[in-house]
Amino acid sequence: MKLPTFTRILLVAAVMLTIVGPGFAQMGEVADPIPYPEGVQLGDNPIVTFSLDELLVYKGLDSYSEPAWVTELVEAGELPPVEDRLPENPQVILNSGMSTGPGVYGGQWRDFSAVPTAGWNLCARQTQGWFGINYIYAESLVKSGPMFLRHDNLEPLPNLATDWEWSEDGTQLVMNIIKGAKWSDGAPFGVHDIMFTWEHIILDENVNSWTNRSTWQIGGEDISLEQTGDSQITWTFPVAYPVQLLFKMDFLDFNICAEHVYAPMHPALNAESDYDTFETFQAQDDLPVPTMGPWVAVDYQIDEFMVKRRNPYYWKVDEAGNQLPYLDEVTFEKGPSGIGRTLGTLAGSIDHTNLENPSTYVEAITRSQEDDAHFRIEWGPETLAFNIEFNLSATLGVQDERDQALRDLFRDLRFRRAVAHAIDGDGIGQAIIRGPFMRAFPGGITPGSPYFDIDSVVYYPHSPDSARALLADIGLEDTDDDGIVNWTEGPMAGENVVVVLNTNRGAAATGQIGEAFVLLMQDVGIQVNLRTLDSAAGGEATTTGAWEMRVDRAGQEFTTSFTRCQDLGPVTDLTPDFHRAEGGERQLLDFEAEIVEIINAFCLEPDFEARKELISQYIQLTTENVYHAGVIIGRYGLGLAKRFNNIPVGAPPFFYQWTWGNVIPEAVWVDPDEQLEQIFPGTVAVYDDM
């Protein structure tokens, strides 16, 4: 990723100061860990919280309403009446949980995506472009995003599952499913879709789904799911009360796939199809595709612009019976980098940005304070973390002697600790943005997490001499005097130690960190070559194991750890991404065996304080063993158009989910005099068989 000249100069200057500055140890000595310092508070907007019964209920109302232009389509015979399009008992979003109150129809949300739309089969892991596109396309049994609004219970909100109840012994969970809801093409939604998803997506090992059989096991024993009524499913578990599994019924982990769409293309049900065809049959611009979400994609100019229109079959209403969403249209401009979203917000053409690329912070803050700015910014807790990850698999993706030598190196604690000592997190943070926004990060659980325990952190200070001493202890020496250490034994003896570091084209900060990392590692004798990938290519590299090291932005598991606890370590074949199993087999590092025990206990522990104690042990193990090397930590900023009403007070840009999962977008509305001109006014998705 090519960086602006000025940014490159700052990074080089910061790194060069590091190189010539004093280290913590003389050559041959290794610095001891030091206490990890507290961060600087930027100021939070206190979150207003509710009990579940103040946020939503499921019930039938006396009458229902819709936009006048939709009624015209009904009168023209193009749509059934609104009461026939809604379920028996729709989800009702209550006035008591709204920050502004019930709204009016019309208006548009203009957004941005920096990830190519691969296709529409999210069930087979195709991405629609992230940045919110996927989230408002897919629907799941429960929703964790709005959990930050709850003060009554730390569990997801009902969604397509309206309620649930545990058996007396805690080994079964009975879920009731919304009755009479419809997909956006008018086809009935029901338990048949859920069971198809379970049997032919999640449990079919040939489908590249987001979770697989190993995800739905506890201690190696299977979890089962069966239909137990017309609108009821029952989960059976090998242990009592595994409440954490509720979070596996959310976005991505259990996206519900439309049986009437996917079954005809599934190889297990259609002998004329195959799994490659199944994954790719929903082309990027072959629209519309059925969804249970509030908006339907109706037009996509590939790599340029996407338009989503309101779903006339959406199954949520407000207390007055107004069918949601309030907004008629959502658009996504496409671009090569996430910085484009911020720049568009500054320019007034985009309505939302997550400030997650620190190099844009100052400009965004300055612009938001100007009189004509159409957006505002709020800051979240310290959860914006960037790490250097090592491919720790001993076999997955190993093709030759060089691959094997690198994997052996990555699996050696001395090398990982050398990398940690080589990283100048504070210097990189200040080079990217001056001020209190970014600082050094030890890796692991983020300081903004409710599970963070600063006393458990093993923090290795920046010390190039310590890094050099550790590399020498491994036996890596510069035998040809070119400044890069060489392997001195084995099949790679005499060769320079060269590592390829992947960065993400869609996350500009990974490129900035990568460029600084190249210089820091060069100073201690390791040559690092950068390789910038888009999201799809990066995902493919992860799946196949064809990568070496990478800069990665920390995921939810390192903040809201209980919601994605299996992602914290090697307890499924697919987790963590940097140490995947191959064919179900994996050579655990010694400390990983302890991590597995901790995670398994953590996932099943109902008491928060007991869970926190377990995570304290996890923090100590992962930071001491440099499971990944932390680089910098900071805060996400949330920039949203001022004209948007009903944004929850204190909504974070990233916590249980990203922004689109937190703001309850179907309830967002805009005053008529502030509504923008729509691209396709007065239209809904039209399907070939309608």
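All values derive from a computational prediction rather than experimental measurement. Start at 1 with the first residue, then count along the sequence.
Ring pair Tyr636/Trp658 is perpendicular by interplanar angle, where above 60° counts as perpendicular and below 30° as parallel. The aromatic rings of Tyr451 and Phe602 lie perpendicular to each other, with more than 60° between the two planes, well past the 30° mark.
Residues that satisfy the side-chain hydrogen bond (donor to acceptor under 3.5 Å, both in side chains) test with Ser231, not counting sequence neighbours, are absent from this structure. Residues satisfying the side chain to side chain contact (heavy atoms under 4.5 Å, CB included) test with Ile223, not counting sequence neighbours, are Trp216, Ile218, Trp235, Phe237, Pro238, Leu245. A search for side chain to side chain contact (heavy atoms under 4.5 Å, CB included) contacts involving Glu168 returns nothing, not counting sequence neighbours. Listed by chain and number, the residues in a side-chain hydrogen bond (donor to acceptor under 3.5 Å, both in side chains) with Thr360 amount to none (sequence neighbours excluded).
Judged by distance alone, with hydrogens and angles left aside, the side-chain atoms of Asp351 form a donor-acceptor pair with the main-chain N or O of Arg110 at under 3.5 Å. Thr342 contributes no side-chain N or O that, together with a main-chain N or O of Thr353, makes up a donor-acceptor pair within less than 3.5 Å. Side-chain atoms of Asn159 come within 3.5 Å of backbone N or O of Ser140 as a donor-acceptor pair. Distance alone, capped at 3.5 Å, is enough to place a donor-acceptor pair between the Arg611 side chain and the Glu605 backbone. Remark: side-chain polar atoms of Asn646 are not paired, donor with acceptor, to backbone N or O of Trp669 under 3.5 angstrom. Under the 3.5 Å distance criterion, the side-chain polar atoms of Gln323 are matched with a main-chain donor or acceptor of Tyr314.
Sorted by first then second residue, the salt bridge (charged side-chain N to carboxylate O under 4.0 Å, His left out) pairs that include residues 48-72, not counting sequence neighbours, are Glu66-Arg85. Legend: ring pair (Phe, Tyr, Trp, His ring centres under 6.0 Å) pairs involving residues 131-151, not counting sequence neighbours, sorted by first then second residue: Trp120-Tyr137, Tyr135-Phe251.
Between Gln675 and Val104, the closest side-chain pair of non-hydrogen atoms falls below 4.5 Å. Side-chain contact between Phe654 and Arg553: absent, with no pair of heavy atoms (C-beta onward) separated by less than 4.5 Å. Counting only heavy atoms from C-beta outward, the side chains of Phe375 and Leu346 approach each other to under 4.5 Å. Using a 4.5 Å heavy-atom cutoff, the side chains of Trp183 and His260 are in contact. Side-chain contact check for Met175 versus Val142: some heavy-atom pair is nearer than 4.5 Å. In this structure, Pro80 and Tyr313 have side chains that are in contact, with non-hydrogen atoms separated by less than 4.5 Å. A 4.5 Å side-chain heavy-atom check between Pro156 and Asp250 finds every atom pair outside the cut-off. The shortest side-chain heavy-atom distance between Lys182 and Pro290 does not fall under the 4.5 Å cut-off.
Looking at every heavy atom in both residues, Phe247 comes nearest to Leu154 through CZ-O, 4.0 Å. Across all non-hydrogen atoms, the minimal contact from Gly106 to Asp328 is CA-OD2, 3.4 Å. Closest non-hydrogen pair, Glu319 versus Ser96, comes out as OE2-N, 4.2 Å. The two atoms that bring Asn255 and Ala138 nearest to each other are OD1-CB, 3.5 Å, heavy atoms only. A pairwise comparison of heavy atoms in Asn354 and Pro653 identifies OD1-CB, 3.8 Å as the closest pair. What you find for Ser535 and Val115 is that their closest heavy atoms are CB-CG1, 3.6 Å.
In Glu370, the CD atom is crowded: over 12 heavy atoms of neighbouring residues, nucleotides or ligands sit closer than 6.0 Å. Annotation for Glu363: atom CD does not count as buried by contact number, only 12 or fewer foreign heavy atoms lying within 6.0 Å.
Distance CD/Gln128 to OG1/Thr291: 9.5 Å, rounded to 0.5 Å. Here Leu173 contributes atom CG and Trp164 contributes atom CH2; the two are 8.0 Å apart, rounded to the nearest 0.5 Å. With rounding to the nearest 0.5 Å, the separation of CZ in Arg643 from CG in Asp671 is 11.0 Å. Of the inter-residue distances, the one linking Lys612 atom NZ with Ile445 atom CD1 reads 11.5 Å to the nearest 0.5 angstrom. To the nearest 0.5 Å, the span separating CG on Asp111 from CD1 on Ile133 amounts to 8.0 Å. To the nearest 0.5 Å, atom CG of residue Leu61 and atom CG of residue Asn322 are 10.0 Å apart.
Geometric assessment of Arg309 against the ring of Phe680 yields a negative cation-pi assignment under the 6.0 Å and 45° thresholds.
Exactly one residue among Thr345, Val663, Thr659 makes a side chain to side chain contact (heavy atoms under 4.5 Å, CB included) with His352. That residue is Thr659.
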Evaluate ring pair (Phe, Tyr, Trp, His ring centres under 6.0 Å) for Phe644 paired with Trp109, printing each intermediate quantity in order. CA-CA 9 Å; Phe644 288 168; Trp109 182 320; 4.6 Å; yes

List the steps and the verdict of side chain to side chain donor-acceptor pair (under 3.5 Å) for Asp318 and Tyr326. CA-CA 10 Å; Asp318 67 13; Tyr326 292 123; 2.5 Å; yes

Side chain to side chain contact (heavy atoms under 4.5 Å, CB included) between Ser99 and Val48, worked out: CA-CA 9 Å; Ser99 62; Val48 178; over 6 Å; no

Kindly indicate, with the supporting measurements, whether the criterion side chain to side chain donor-acceptor pair (under 3.5 Å) is fulfilled by Ser184 and Asn311. CA-CA 6 Å; Ser184 59; Asn311 176 2; 4.8 Å; no

Lys179/Asp230 under salt bridge (charged side-chain N to carboxylate O under 4.0 Å, His left out): CA gap, chis, key distance, verdict: CA-CA 9 Å; Lys179 296 179 182 179; Asp230 290 342; over 6 Å; no

List the steps, then state whether side chain to side chain donor-acceptor pair (under 3.5 Å) holds for Glu88 with Tyr58. CA-CA 9 Å; Glu88 296 177 22; Tyr58 291 82; over 6 Å; no

Quick one: do Thr228 and Thr234 satisfy side chain to side chain donor-acceptor pair (under 3.5 Å)? Show the steps, please. CA-CA 6 Å; Thr228 50; Thr234 298; 2.8 Å; yes

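Between Asp372 and Arg367 there is a salt bridge, since a side-chain N of the basic residue sits under 4.0 Å from a carboxylate O of the acidic one.
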